[in-house]
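Here the structure is laid out as structure tokens; the discussion comes afterwards.
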Amino acid sequence: MNGNTIVSIPLDRITIGERLRGIDPDWVEAIAASMAERGQDTPIIVGEAGPDDGLHPLIAGAHRVEAARRLGWAEIAAIVRAESGLAARLTEIDENLMRRELSALDRAVFLAERKAVYEALHPEAARPGPRNKIADKLVRNFVSSFAAATAAKVGLDERSIRRALVRARLPAEVRAAIATHPIADRGVELDRLVGLGPELQARVVAVLTDPERPARSVQEALIRLEAADGPAPHVVARRQFERLLAVWRAAGREARREFLAYLEAEGALGRRARDAA
């Protein structure tokens with residue numbers, strides 16, 4: 001079957017396996033309202049029917065499937081692809097990355113998963129063996145090639161992709177806790193949360209998700225914690241760093257070179273690093 005041919009498939013012949021993003025009931029309701037009024041604008045993507053059970057594994061479109069079931073539809077428009085394994089996973093990821101409703105946190109998770117799939121498809125670049133200067137260069141080249149390939153595929157710039165990969169380092173339990181909090185769609189807030197140590201992250205998340213009075217931002221959560229037991233050393237260090245960074249960004253080239261020369265004289269910076277800067 002042509003990979004772009006749209007066909008109607010009975011909903012009871014579609015299986016939904018484990019997804020990167022859970023089903024959001026509110027989003028299902030919104031899609032169902034749109035589909036009831038306008039019909040289905042975008043087909044889902046499924047794999048070929050299994051030879052034994054005749055069931056199609058869902059590749060992309062879980063929210064549309066649930067919306068169709070909510071509406072009582074018997075069938076749904078779908079594109080059938082001869083894909084499985086990593087190829088199907090990559091299609092799921094890319095289809096979601098190109099959709100606008102992803103939060104900044106969701107996008108980070110999908111990009112991190114895309115990187116994992118990309119590594120599996122390019123093991124010679126992703127895992128070059130014992131780490132040495134050559135291996136380090138291969139890893140840097142791999143990250144650069146991944147960012148470039150992903151930017152071309154899903155329409156994101158490379159810098160945004162690199163930032164998102166850092167945000168995806170948040171522990172799974174932290175991501176789950178803040179998934180429906182407003183900061184999940186605010187990159188700056190996610191960056192602040194990533195910059196905290198694990199223990200402080202957990203405490204900040206507890207304040208953000210306080211059922212009685214949830215904090216609206218990471219900064220507000222930190223202020224409340226400070227009011228209770230004083231600023232954590234990590235927070236003090238972070239604020240000092242941010243002040244230094246602000247001065248550095250405002251400084252001219254000559255002032256920066258003088259500062260780097262001072263650091264070199266103090267033994268905190270090598271000459272090569274100063275010259276490179």
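For the single chain, residues carry numbers from 1 onward in sequence order. The figures that follow rest on heavy atoms only: side chains count, while hydrogens, waters and symmetry mates do not. These numbers were taken from a predicted model, which means no experiment stands behind them.
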Do [X] and [Y] have side-chain heavy atoms sitting under 4.5 Å apart?
{"X": "Leu11", "Y": "Glu75", "value": "no"}
{"X": "Gln219", "Y": "Ile223", "value": "yes"}
{"X": "Pro182", "Y": "Arg216", "value": "no"}
{"X": "Thr15", "Y": "Leu58", "value": "no"}
{"X": "Leu222", "Y": "Val204", "value": "yes"}

Smallest separation among heavy atoms of [X] and [Y], with atom names:
{"X": "Leu105", "Y": "Ala179", "result": "CD2-CA, 4.2 Å"}
{"X": "Ala68", "Y": "Ile76", "result": "CB-CD1, 4.0 Å"}
{"X": "Gln201", "Y": "Val194", "result": "NE2-O, 3.6 Å"}
{"X": "Ala108", "Y": "Ala168", "result": "O-CB, 3.4 Å"}
{"X": "Ala184", "Y": "Leu190", "result": "O-CD1, 3.8 Å"}
{"X": "Ile16", "Y": "Glu66", "result": "CD1-OE2, 3.7 Å"}

Rounded at 0.5 Å granularity, tell me how far [atom1] in [X] sits from [atom2] in [Y].
{"X": "Arg70", "Y": "Arg64", "atom1": "CZ", "atom2": "CZ", "answer": "16.0 Å"}
{"X": "Leu208", "Y": "Arg224", "atom1": "CG", "atom2": "CZ", "answer": "8.5 Å"}
{"X": "Arg175", "Y": "Asp106", "atom1": "CZ", "atom2": "CG", "answer": "10.0 Å"}
{"X": "Arg167", "Y": "Glu189", "atom1": "CZ", "atom2": "CD", "answer": "11.0 Å"}
{"X": "Arg81", "Y": "Ile45", "atom1": "CZ", "atom2": "CD1", "answer": "4.5 Å"}
{"X": "Arg186", "Y": "Leu193", "atom1": "CZ", "atom2": "CG", "answer": "12.0 Å"}

Pair Glu254 + Arg257: basic N to acidic O under 4.0 Å: no

Given Leu71, Asp41, Thr42, the one that forms side-chain contact (heavy atoms from CB on, under 4.5 Å) with Met35: Leu71

Of Ile59, Ile6, Ile14, the residue whose pairing with Ile44 passes side-chain contact (heavy atoms from CB on, under 4.5 Å): Ile14

Sequence-distant partners of Ala49, side-chain contact (heavy atoms from CB on, under 4.5 Å), two or more places apart: Arg13, His56

Under 4.5 Å between side-chain heavy atoms, hopping through other hydrophobics if needed: is there a path connecting [X] to [Y]?
{"X": "Val247", "Y": "Leu263", "result": "no"}
{"X": "Val166", "Y": "Val205", "result": "yes"}
{"X": "Leu55", "Y": "Val46", "result": "no"}
{"X": "Leu244", "Y": "Trp248", "result": "no"}
{"X": "Leu196", "Y": "Val207", "result": "yes"}

